[in-house]
Amino acid sequence: MLRKLMTAMALLVGLVLAGTSVAAESGGDHARYAEGTHYKVLDTQGNVAEPGKVEVREFFSYICPHCYALEPLVDDWLENKPENVDYVRTPVTFLRNAEPLARAYYVAEVLDMVGEVHKPIFDAIHKHREPLFTPTALADFFAKYGVDKDEFNQLYGSFGVSTKLRQGDALARDHEIRGVPSFVVNGKYLVLREGLKSNAEMFDVIDYLVAKESK
């Protein structure tokens with residue numbers, strides 16, 4: 001009787017361990033990434049730019065050296081991102097000298113040339129130490145890429161660009177953005193950078209949240 005009981009207990013322990021192993025393999029992220037430590041659920045959840053896709057929104061500033069250092073990782077992640085992900089950038093204005101560059105980003109967006117000037121703007125500021133902090137300096141910079149200075153200045157102060165700026169500021173407030181770079185997934189989850197060990201782990205958390213929203 002005792003032998004049968006011990007055999008049954010051994011089988012039970014084996015099943016528990018097997019279940020634990022499967023859980024670790026299929027849902028290990030649940031143990032690794034926890035709400036309140038690695039990400040938070042936002043009190044004010046926003047609409048996404050492209051319904052039907054999982055949005056990953058990066059809040060950044062060209063002024064920010066951490067944003068500049070992160071760019072290679074962003075590029076690598078974008079090359080392999082899931083097809084159902086819509087990646088959106090929002091420049092913040094709460095840093096010193098950030099607003100002119102935020103306007104420049106939206107000018108590039110209107111002209112459909114973000115891909116052409118995004119990295120060069122970062123390089124100009126952080127690598128070449130160019131003070132691109134005024135409309136004049138930015139108009140000169142965009143002229144190198146074939147944009148007429150009058151056209152740049154008109155767009156820079158336009159109602160459309162000013163509206164995008166206000167909308168970006170509102171998103172930053174609603175999403176509780178206190179510093180950059182910061183990431184919000186699907187308008188619901190703010191990645192908590194202070195709880196992460198590295199920038200690489202930040203993208204692991206983003207992947208986890210994207211998978212969570214894709215179910």
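Both backbone and side-chain heavy atoms feed into the values below; hydrogens, waters and symmetry mates do not.
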**Report entry** Check against side chain to side chain contact (heavy atoms under 4.5 Å, CB included), R166 and T163
**Finding:** CA-CA 5 Å; R166 287 193 298 272; T163 299; 3.3 Å; yes
Could you tell me whether the side chain of [X] and the main chain of [Y] form a donor-acceptor pair under 3.5 Å?
X    : Y    : value
R193 : P181 : yes
N186 : E55  : yes
S162 : F159 : no

Taking the side chain as every heavy atom from C-beta outward, state whether [X] and [Y] have any atom pair closer than 4.5 Å.
X    : Y    : answer
V180 : H66  : no
L155 : F142 : no
K212 : V185 : no
K53  : Y87  : no
L70  : M202 : yes
P100 : Y156 : yes
D43  : E176 : yes
E213 : Y189 : yes

Non-hydrogen atoms of [X] and [Y] that approach each other most closely:
X    : Y    : result
P135 : F152 : O-CE2, 3.7 Å
Y33  : H38  : CA-ND1, 3.2 Å
A69  : P72  : O-CD, 3.3 Å
F183 : V56  : CD2-CG1, 4.1 Å
A102 : T93  : CB-CG2, 3.9 Å

Should the pair [X] and [Y] be assigned to parallel (<30°), tilted (30 to 60°) or perpendicular (>60°) ring geometry?
X    : Y    : answer
H175 : F59  : perpendicular
Y62  : Y105 : tilted
F122 : H118 : perpendicular
H126 : Y68  : parallel

When clusters are formed by joining ILVMFWY residues with side-chain heavy atoms under 4.5 Å apart, either directly or through shared neighbours, do [X] and [Y] land in the same one?
X    : Y    : value
Y106 : L95  : no
L190 : Y39  : no
L42  : V48  : no
V88  : F203 : no
V92  : V74  : no

Requested in this report: Would you sort out whether E35 and V41 count as a side chain to side chain contact (heavy atoms under 4.5 Å, CB included), showing the intermediate values?
Outcome: CA-CA 7 Å; E35 181 183 341; V41 178; 3.5 Å; yes
Requested in this report: Any chance you could lay out the side chain to side chain contact (heavy atoms under 4.5 Å, CB included) test for V184 and I177, step after step, and finish with the verdict?
Outcome: CA-CA 9 Å; V184 171; I177 305 302; 4.2 Å; yes
Report task. Begin from the C-alpha positions of L196 and V191 and carry the test side chain to side chain contact (heavy atoms under 4.5 Å, CB included) through to its verdict. Result -> CA-CA 9 Å; L196 305 177; V191 178; 3.8 Å; yes
Query raised in the report: Side chains of R57 and S182: do they bring a donor and an acceptor to under 3.5 Å?
Result: no
